[in-house]
Amino acid sequence: MYINGAWVDARKSFASHNPANGEVLGHVPDGNEIDARLAIAAAAKASPEWAASTAYLRSNLLHRAWQIMMERKEELARLMTEEQGKPLKASRNEVVYGADFLQWFSEEAKRVYGAVIPAPRAEQRFITLRQPVGVVAAITPWNYPISMLTRKMAPALAAGCTIVLKPAEATPLCAMAVFKVFHDAGFPPGVVNLVTASDPVPVGQEMTANPLVRKITFTGSTRVGKMIAASAAAQVKRVSMELGGHAPFILCPDADPVHAAKGAVLIKGLNTGQACISPNRFLVHRPLVPAFVTELTARTAKLKAGSGLDESVSVGPLINSMALDKVHRQVEDALSKGAKLECGGHRLTEHGLDKGCFYAPTVLSGVTRDMLIWHEETFGPIAPVIAYDDEAEILPLANDTAYGLAAYVYTPTLARAMRLFEGLHFGIIGINDINPTAVAAPFGGMQESGLGREGGAEGISEYLETKLGGFSLV
Ligand code: NAP
Ligand code: MG
């Protein structure tokens, strides 16, 4: 763990595994509530001086961290592929995306402005300040084990907050590598703190119960996010929540099914389907279904699964055997209720893949609303195709979910695109675009997909309070 500027051990340790072959990659300290308390105390002690530091100092440190992370791109990418499983090329992309947040928020640090507001009385002045919220506690998932950390840490640090972070149990080595970057960049002791743990509950409870923590930022499942937000409410702590998703991928009646299928395979395959913005329901106008399914199946069946270190591989393992079981349960449920298996539908065990958690990329057609996969986030390489007959069905079908993170629309018609852009209750909409994310763009969900936005100009606001000063001149 990294507490108050030093690497420290816990009384116990736990192992991190390679999901492609089950090998142990290393052991890390197994922290508990006492370690979390120490880390929070260190962050609280460092907070006043860090909050009072100039934006230029914070900006320079973040810029230095960006440089170091880019210098380590290759080693960080390899570590990520070994610990999380995604193909090396995707890991390289993630390291750059993760580093982008350091650079972007090193710039935003210098643009935190207050305002002078016209006051109602002649002898009165209104001025606002924007000040850091204070100590931030962060909890992050395993699917993007570097960028999900920097997406929180960079804006918090730029705003003048200190931070305690608990990474996912499955990817602690990536988190340690990120903290080495911050250490080597020269952040003062106590400004960034890391507590690794196999059991998230004691650390999470300390974060929500400790009055020194003023903000919780969480990325993970909706189930856990709700529990954390509920606990944080007892002290009215600020919360940001980046939660699950159930993205519709819509082919309008005038879409090109072959072009759309090409995009569908790319975005569905992202991180082996283990992404919060992964499409989970392909809504296709019935006359387009045969051409779309044929192209989707042909492309999906060609994907090569294996260790991400092999550069010809585009599908990595799922994170663990529970994930395999969940994915297979959804496929079996759909098949038992009348869906048709176009390809895949089973675990991959040949050529040594049995040592890891590999599932064949799968296409299901004839999916209907009574199936588990219609409502449940899949987090695996399954593409369920649902036919609709009338354009008026699109919005009710697409919006038929409690989630609201990402949605995708294929149409060459501007008016259709605009109507759907406005009518979909999702926070991120790709219009003929499967990659509507970048550091400068706000990322986040509506409804049960979350609260707040990360990245973009909004990203730093999550870590700032607005304070109003009313001055009487008489
Ligand atoms: P998860 O089970 O909710 O875990 C996320 C983090 O919370 C991990 O660090 C986990 O620790 C911790 N945690 C679990 N139970 C906790 C508790 N009771 N108290 C405190 N912390 C707790 O989610 P996941 O399976 O790792 O990640 C997948 C989910 O994240 C998906 O739903 C996905 O859509 C979502 N996600 C959302 C975004 C977004 O930006 N909206 C981005 C990426 C992922 P352990 O690792 O020890 O369990
Ligand atoms: Mg755990």
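Whatever order the structure lists ligands and atoms in, that order sets their numbers, starting from 1.
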Smallest heavy-atom separation, Asn193 atom then Ala43 atom, equals ND2-CB, 3.7 Å
Sub-4.0 Å heavy-atom contact, Gly225 with ligand 1: no
Closer than 4.0 angstrom: is that true for some heavy atom of Met207 and an atom of ligand 1? no
Min N/O separation [X] to ligand 1 under 3.5 Å:
{"X": "Leu405", "result": "no"}
{"X": "Ser221", "result": "yes"}
{"X": "Asp199", "result": "no"}

Please identify which atoms of ligand 1 are closer than 4.0 Å to at least one heavy atom of [X].
{"X": "Ser198", "answer": "47 (O)"}
{"X": "Asn143", "answer": "43 (C), 44 (C)"}
{"X": "Arg151", "answer": "40 (O)"}
{"X": "Leu243", "answer": "34 (O), 35 (C), 36 (N), 37 (C), 38 (C), 39 (C), 41 (N)"}
{"X": "Val224", "answer": "3 (O), 13 (N), 14 (C), 15 (N), 16 (C), 17 (C), 22 (C)"}
{"X": "Val201", "answer": "18 (N)"}

Between Trp50 and Phe187, is the ring centroid distance below 6.0 Å? yes
Quick one: are the ring centres of Phe249 and Tyr410 less than 6.0 Å apart? yes
Could you walk me through whether Ser240 and Lys152 pass the side chain to side chain donor-acceptor pair (under 3.5 Å) check? CA-CA 10 Å; Ser240 293; Lys152 298 181 184 308; over 6 Å; no
Is there a donor-acceptor contact under 3.5 Å linking the side chains of Ser106 and Arg58? no
Between the side chains of Glu342 and Ser365, does any donor sit under 3.5 Å from an acceptor? yes
Glu462 with Arg238: basic N within carboxylate O range, under 4.0 Å: no
Honestly, is Lys337 close enough over Trp374, meaning NZ or CZ under 6.0 Å from the six-membered ring centre and within 45° of the axis? no
On the ring face of Phe443, is Arg453 found with NZ or CZ under 6.0 Å from the centre and within 45° of the axis? no
Can you tell which part of [X] has a heavy atom less than 4.0 Å from ligand 1: side chain, backbone, both or neither?
{"X": "Thr222", "value": "neither"}
{"X": "Pro167", "value": "backbone"}
{"X": "Thr219", "value": "both"}
{"X": "Thr140", "value": "backbone"}

How far apart are the C-alpha atoms of Ser91 and Lys86, what are their side-chain angles, what is the distance that settles it, and do they pass the side chain to side chain donor-acceptor pair (under 3.5 Å) test? CA-CA 6 Å; Ser91 292; Lys86 70 186 63 171; 5.9 Å; no
Heavy atom to [atom], shortest distance: which of [options] holds it?
{"atom": "atom 26 (O) of ligand 1", "options": "Phe379, Tyr403, Phe443, Trp142", "value": "Trp142"}
{"atom": "atom 18 (N) of ligand 1", "options": "Met148, Glu454, Met227", "value": "Met227"}
{"atom": "atom 11 (O) of ligand 1", "options": "Gln274, Glu169, Lys166, Glu377", "value": "Lys166"}

side-chain hydrogen bond (donor to acceptor under 3.5 Å, both in side chains) contacts touching residues 22-38 (sequence neighbours left out): Asp30-Ser198, Arg37-Glu206
